[in-house]
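What follows is a single structure, written as structure tokens, with notes after it.
Both counts, for ligands and for their atoms, begin at 1 and track the order of listing. All values below were derived from every heavy atom in this structure, side-chain atoms included, with hydrogens, water molecules and symmetry-related copies excluded.
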Amino acid sequence: MIGPVLPSTGVLRPLGLDQVRLTGGFWGERQERNAKASIPHARHWLEETGWLGNFRLAATDDLAPHRRRGREFSDSEVYKLAEAMSWEVGRGGTAPVDELSTVVAAAQEPGGYLNTMFGRPGQQPRYSDLTWGHELYCYGHLIQAGVARLRTGVKDALATTAIRAADHVCVEFGPTGRQALCGHPEIEMALVELYRATGTARYLDQARLFVDRRGQTTLPDIELGRAYFQDDIPVRERAAFAGHAVRALYLACGAVDVAVETGDDKLLAAVVRQWERTVAARTYLTGGMGSRHEGEAFGDDFELPADRAYIETCASIASVMLCWRLLLATGEARFADLAERTLYNVIAASTSLDGRGFFYTNPLQQRAAGPALDRSRPWPRASSSERAPWRDVSCCPTNIARTLASLGGYIATTDDGGVQIHQYAAGTVASGDVALSVDTGYPWDGAVTVRVDRTGDRPWRLSLRVPDWATEATLVTPEGTQQVTPGYAVVSRAWRAGDRIRLTLPVAPRWTMPDPRIDAVRGCVAVERGPLVYCAESVDHDPAPALDAVNVDHSAPITERPMPALGRDVVALDVPAPTNPAAGNGWPYGSISTAAPEPGSLTLVPYHLWANRGPATMRVWLPVASSTQDRR
Ligand SMILES: [Zn+2]
């Protein structure tokens, strides 16, 4: 199997990039854009910023501290791009991974150590700042890049460098080594994946050691508390994900990997429990996670402000990685449901239509349109109302690149009884003697046709996920038509080549209400259509600032219309939206008003497409029109 995450056991077995091919459609087009625009774009910026040059200087012993460029974690961006390129090659494309491989390998030191920030004359000593230095985090990404090479059948310099680094870590941080942790989890899942790719048990042992060591207050107390790096409570004892969202979710991925490979059902159950609580109380409608800018962190339960949402792109990628692991381990549709929501509403949103601009934060409301960004230089801040070409902290673009390049590996699975399709994308799926074609215009259209192109003689089961929102889905099989409910629609029969089944998911727009405990959006509604969350964007309205005072009438019908300005097949929505008169008297409070709002209407566009038409304001949650909520 070519792809990320290959557990040796579990309810479902993943099908890889060599077995699932995306051809056109929503995700196929994004995968092509990733290959043709985003990966070369990232390669350009790694050169432009000097982050790749650091490796060249390290190889020639010219890396004096004043010559090194970038933040302490910049090495990891080179590794993540190398991983993206490896998957791109693995799915049959081309990318200059050999070049990166050579540059990285040349910088490795005798003994396996590799980091351009530490250990040279004038630099801080190795492992002198595990709290903030990201040395083990960077190894994690190096090892994942190496695993991507090994899974594509290439044991090249990158793979060898990753193995040498992992061996070094096992000696340095093993049972008799430093009793220490990295401030940023990531290496845990990487070591388990390297164990899976090589069969070398000490990598799994080391990963388990890191997971068990976390939460023992090994790292220092800091202003944000040890919860920031999940060192406050042991993984097994935590109630919900907390602290820095990317760190928390990467750690959870590593914990699931360790649990699955060691048969540790209690550890797996602990992560599932934390996931449930996090989904129930700490997750945005888009699937985004992380509601605090302070510490880039999860908030308390129901602390989910729309305008101050942080929702780092990388946290959403980590959430999809975690969902996939939990899906493979359990076979439960709820994990694929959240993955779908996150893919369409954060991961698709994070990249501009040209593939060369990236969001770091993904809020659900933009109150002020920011400046038009200069696309020729990195943007210094995480937040902006436009996607930046690159950032001083640029973890997200390379993370998106590796995710899209390997997306075929997150679509379908197999077990002893048949094939399961979890995400709907136009393409082909092959498993053993079975070959399928998937034809769909999803998510714009709810019809998914699966055709059996090749099959053996023995009966087998085809399982199609029915998303949690699809309460009136229908399935047409050679035996007839039936209603199907959320979960998996399973068809078990003796298939013949040419058989077709057709799943129709109801993608009519629908109003969605928040739990009243989410105070920040109480009294508001949102609109969803199929898996897509919609938003109002100021560029569709004149005068532009009207979004602040808008109300919607959710008893009225929602009408659909094409929006070719945002792409072929894109559907925009119109809803009635009476507007309150602005207060305008220098004090934004007043007595309760019974004045009728002015009639109006509001155009909604898919959230993932906002900010592709210049700086704008935007909101997902829309206040419900009610005379008692109006004020003057
Ligand atoms: Zn990021």
Side-chain angles (χ1 to χ4, degrees), residues 4 34 38-39 41-42 45-46 49 51 70-84 132 134 137-138 140-142 144-145 182-187 189-190 224 228-230 241 243-254 283-284 286-298 308-322 342-343 345-352 355-363 373 378-384 386-407 608 611:
N34 184 54
S38 303
I39 288 178
H41 175 87
W45 279 103
L46 289 180
T49 52
W51 301 352
R71 294 283 300 271
E72 59 276 19
F73 37 72
S74 69
D75 290 2
S76 69
E77 308 315 336
V78 175
Y79 303 147
K80 275 189 281 177
L81 186 65
E83 185 188 342
W132 299 109
H134 287 73
Y137 165 86
C138 288
H141 282 302
L142 169 62
Q144 285 180 318
C182 184
H184 201 314
E186 151 66 25
I187 195 169
M189 65 175 139
L224 295 162
Y228 174 78
F229 21 56
Q230 294 75 43
F241 300 137
H244 187 282
V246 179
R247 294 170 202 240
L249 292 161
Y250 279 176
L251 177 63
C253 288
T283 303
Y284 283 92
T286 53
M289 292 184 181
S291 48
R292 291 187 187 169
H293 283 239
E294 184 187 41
E296 306 184 299
F298 283 101
R308 296 298 293 161
Y310 197 70
I311 311 184
E312 181 178 343
T313 299
C314 289
S316 305
I317 292 168
S319 172
V320 170
M321 292 162 70
L322 177 61
T342 310
L343 282 165
N345 299 298
V346 191
I347 289 176
S350 72
T351 308
S352 62
R356 296 184 178 87
F358 305 89
F359 276 139
Y360 188 114
T361 65
N362 297 274
L373 297 192
W379 179 249
R381 284 176 287 286
S383 303
S384 55
E386 281 202 304
R387 295 166 183 84
W390 201 252
R391 289 189 151 80
D392 293 341
V393 176
S394 223
C395 46
C396 306
T398 51
N399 220 352
I400 283 285
R402 68 178 181 144
T403 304
L404 288 176
S406 60
L407 193 65
H608 74 268

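With sequence neighbours excluded, the residues that form a side chain to side chain donor-acceptor pair (under 3.5 Å) with Asp75 are Thr116. The side chain to side chain donor-acceptor pair (under 3.5 Å) search around Thr283 returns none, not counting sequence neighbours. With sequence neighbours left out, Ser384 forms a side chain to side chain donor-acceptor pair (under 3.5 Å) with Arg391.
For Tyr137 and Glu186, the side-chain atoms include no donor-acceptor pair closer than 3.5 Å. A side-chain donor-acceptor contact under 3.5 Å links Tyr360 and Glu296.
Legend: protein N/O/S atoms lying under 2.8 Å from the Zn ion (ligand 1), waters omitted, number 4.
Note on Glu77 versus Lys80: salt bridge recorded, some NZ/NE/NH1/NH2 to OD/OE distance being below 4.0 Å.
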